[in-house]
Number of protein chains: 2
Amino acid sequence: MNLDNSGLHQLVATKLDEAGQMYTQKRQKLVDALSQAGPCTLPELLEFSDGIAQSSAYRNLTVLEEMGVVRRLVHHGEYGRWELSEELTGHHHHHLVCHSCDVVIDVELPTHIEHLMDEAFEKAAIGSKFTVDRHNIDIVGTCANCQETAQA
Amino acid sequence: MNLDNSGLHQLVATKLDEAGQMYTQKRQKLVDALSQAGPCTLPELLEFSDGIAQSSAYRNLTVLEEMGVVRRLVHHGEYGRWELSEELTGHHHHHLVCHSCDVVIDVELPTHIEHLMDEAFEKAAIGSKFTVDRHNIDIVGTCANCQETAQA
DNA sequence: ATCATAATGAGAATGATTCTTACTCTTGAC
DNA sequence: GTCAAGAGTAAGAATCATTCTCATTATGAT
């Protein structure tokens with residue numbers, strides 16, 4: 001368990017405990033990795049939190065997702081990605097997605113923009129009788145690394 | 001070939017021709033289905049444009065994607081989805097996504113909102129040295145059908 | 001017509017994710 | 001302390017959307 005994350009771990013521990021789930025070392029490692037590295041693929045998670053079996057990682061991520069601790073993202077790369085849930089971090093955010101290397105980076109937008117968007121989305125949904133719960137925004141482009149690589 | 005879509009088919013035919021690709025009946029059926037039904041999964045496409053083999057559908061969709069005719073979407077359902085490219089239809093749009101049945105419906109947002117968002121996204125990307133090419137927005141909620149079903 | 005090239009479809013192969021199962025660890029009651 | 005019950009773990013099998021292979025069929029140019 002990473003000391004910098006004691007608050008985070010405390011939160012997760014409570015959440016899991018209330019649901020009768022254990023907050024094992026393996027699960028802590030996954031949460032640590034996600035909190036330090038941002039949205040990760042499974043191979044990345046296995047690397048960062050080494051000593052964990054692939055099947056266990058998948059199973060634990062599924063459990064953590066059901067508990068509202070992590071969220072599964074899906075983009076175009078070969079692997080899915082996982083991140084800590086907004087419910088847990090308290091930070092509403094969106095994603096910069098590199099269409100060259102598939103990396104995903106968090107970004108936050110100004111509150112007034114979020115408000116404007118929420119209003120616009122609500123209005124847009126009325127015509128189709130949709131009830132809006134949330135929005136996901138991918139800002140797609142080229143990351144700094146891939147821009148350099150393209151130069152060379 | 002659907003007569004209502006003659007303009008569309010003409011465009012696609014030209015695009016494919018320039019690349020030395022044939023615009024066969026099967027490919028026309030796929031384009032027709034997408035133009036009538038909006039974002040479709042593969043099973044949906046097979047149903048709408050029947051008489052097409054699964055492997056051919058996948059192969060043709062890949063070809064059409066490379067030609068810029070269709071775009072592949074990826075959400076949480078078991079199947080990927082396909083839609084006509086904005087380049088082809090000329091309509092920038094986003095998606096209402098039902099988290100209960102995974103259906104996807106197109107929506108357009110007012111131009112001034114798109115402008116505001118583009119500006120905000122550009123600014124947000126600077127910190128991470130991202131070059132922005134486009135944005136994808138999913139407005140996630142519950143579709144009319146699933147709201148009714150939940151009532152019953 | 002004939003030939004070269006492209007498209008098709010049946011089925012095999014791929015590979016991320018999920019499932020099964022036998023084993024190990026925790027925890028709480030006694 | 002120890003024992004049983006329940007929860008977690010990991011190795012490998014299974015699943016299944018998607019991709020690939022290859023033999024056959026259609027198309028278009030000459």
Side-chain angles (χ1 to χ4, degrees), chain A residues 1 9 12-34 39-47 49-67 69-83 102 104, chain B residues 1 9 12-34 39-47 49-67 69-83 102 104:
Chain A
M1 161 135 42
H9 285 301
V12 178
T14 308
K15 246 184 195 308
L16 293 194
D17 197 48
E18 282 169 0
Q21 296 271 354
M22 295 172 156
Y23 194 31
T24 63
Q25 273 199 344
K26 312 259 172 182
R27 292 175 182 180
Q28 289 170 31
K29 275 190 185 176
L30 288 173
V31 170
D32 266 332
L34 289 174
C40 287
T41 63
L42 195 97
E44 283 166 5
L45 282 173
L46 291 185
E47 191 181 346
S49 49
D50 85 332
I52 207 168
Q54 190 188 50
S55 58
S56 299
Y58 275 116
R59 183 173 23 75
N60 281 327
L61 287 167
T62 304
V63 170
L64 291 171
E65 187 179 31
E66 282 161 1
M67 300 293 110
V69 173
V70 304
R71 182 159 83 104
R72 173 188 234 138
L73 307 176
V74 48
H75 289 110
H76 280 94
E78 39 191 348
Y79 295 96
R81 283 183 182 271
W82 305 83
E83 67 175 6
D102 291 326
V104 175
Chain B
M1 160 136 42
H9 284 302
V12 178
T14 308
K15 247 184 194 307
L16 293 194
D17 197 49
E18 282 168 0
Q21 295 272 354
M22 294 173 158
Y23 194 31
T24 63
Q25 272 200 345
K26 312 259 172 181
R27 292 177 181 180
Q28 289 171 29
K29 275 190 185 176
L30 289 173
V31 170
D32 265 333
L34 290 174
C40 287
T41 63
L42 195 96
E44 284 165 5
L45 281 173
L46 291 185
E47 191 182 346
S49 49
D50 85 331
I52 206 168
Q54 190 189 51
S55 58
S56 299
Y58 274 115
R59 182 169 22 73
N60 281 326
L61 288 167
T62 305
V63 169
L64 291 171
E65 186 179 32
E66 281 162 2
M67 301 292 109
V69 173
V70 305
R71 182 159 83 104
R72 173 188 234 139
L73 308 176
V74 49
H75 290 109
H76 280 95
E78 40 192 349
Y79 294 96
R81 283 184 183 269
W82 305 84
E83 69 175 6
D102 290 325
V104 175

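What's counted below: heavy atoms across the whole structure, side chains too, no hydrogens, waters or symmetry copies. Lettering follows sequence order; numbering is per chain, from 1.
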Compare the minimum distances between each of [options] and the side chain of [X], then state the nucleotide with the smallest one.
X       : options                : result
A:Ile52 : C:dA10, C:dA7, D:dA10  : D:dA10
A:Thr62 : C:dT18, D:dT18, C:dT17 : C:dT18
A:Ser56 : D:dT9, C:dC19, C:dT17  : D:dT9

[N] [atom2] sits how many Å from [X] [atom1], rounded?
X       : N      : atom1 : atom2 : answer
A:Asn60 : D:dA7  : CG    : P     : 15 Å
B:Met67 : C:dA6  : CE    : C1'   : 13 Å
B:Tyr58 : D:dC20 : OH    : P     : 13 Å
A:Gln21 : D:dT9  : CD    : P     : 10 Å
B:Leu30 : C:dA7  : CG    : P     : 13 Å
B:His76 : C:dT18 : NE2   : C1'   : 16 Å
B:Leu73 : D:dA17 : CG    : C1'   : 16 Å
A:Leu61 : C:dT17 : CG    : C1'   : 11 Å

Quick one, A:Leu61 with A:Leu42, criterion side chain to side chain contact (heavy atoms under 4.5 Å, CB included). Give me CA distance, side-chain angles, the key distance, then yes/no. CA-CA 10 Å; A:Leu61 287 167; A:Leu42 195 97; 3.8 Å; yes
Evaluation steps, side chain to side chain contact (heavy atoms under 4.5 Å, CB included), between A:Leu16 and A:Leu64: CA-CA 8 Å; A:Leu16 293 194; A:Leu64 291 171; 4.2 Å; yes
Look at the side-chain N and O atoms of B:Arg72 and state whether any lies under 4.0 Å from the OP1 or OP2 oxygen of D:dT19.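 B:Arg72 to D:dT19 OP1/OP2: side-chain N or O found under 4.0 Å.
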Check: A:Asp102 and A:His75 side chains under 4.5 Å, non-hydrogen atoms: no
Indicate for each nucleotide in nucleotides 22-30 of chain D, in 5' to 3' sequence, whether protein heavy atoms under 4.0 Å reach the base (B), only the sugar-phosphate (S), or nothing (-). -----SS--
Please tell me which of A:Glu78 and A:Ser55 maps to the more 5' nucleotide of DNA chain C, matching each residue to the nucleotide holding its nearest heavy atom.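 Of the two residues, A:Glu78 wins.
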Pick base, sugar-phosphate or nothing for [X], based on heavy-atom distances below 4.0 Å to the nucleic acid.
X       : result
A:Gly20 : nothing
A:Gln54 : base
B:Gly77 : nothing
A:Tyr79 : sugar-phosphate

Apply the side-chain contact (heavy atoms from CB on, under 4.5 Å) test between A:Tyr23 and each candidate in A:Lys26, A:Arg27, A:Gln25; give the one that qualifies. A:Arg27
Side chains of B:Thr62 and B:Arg59: any donor to acceptor distance under 3.5 Å?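 No.
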If you take all heavy atoms of B:Leu30 and B:Ala57, which pair is closest and at what distance?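 Between these two residues, the closest heavy atoms are CD1-O, 4.3 Å.
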Using the side chain to side chain contact (heavy atoms under 4.5 Å, CB included) rule, take A:Asp32 and A:Lys29 through it: C-alpha gap first, then chi angles, then the decisive distance, then the call. CA-CA 5 Å; A:Asp32 266 332; A:Lys29 275 190 185 176; 5.5 Å; no
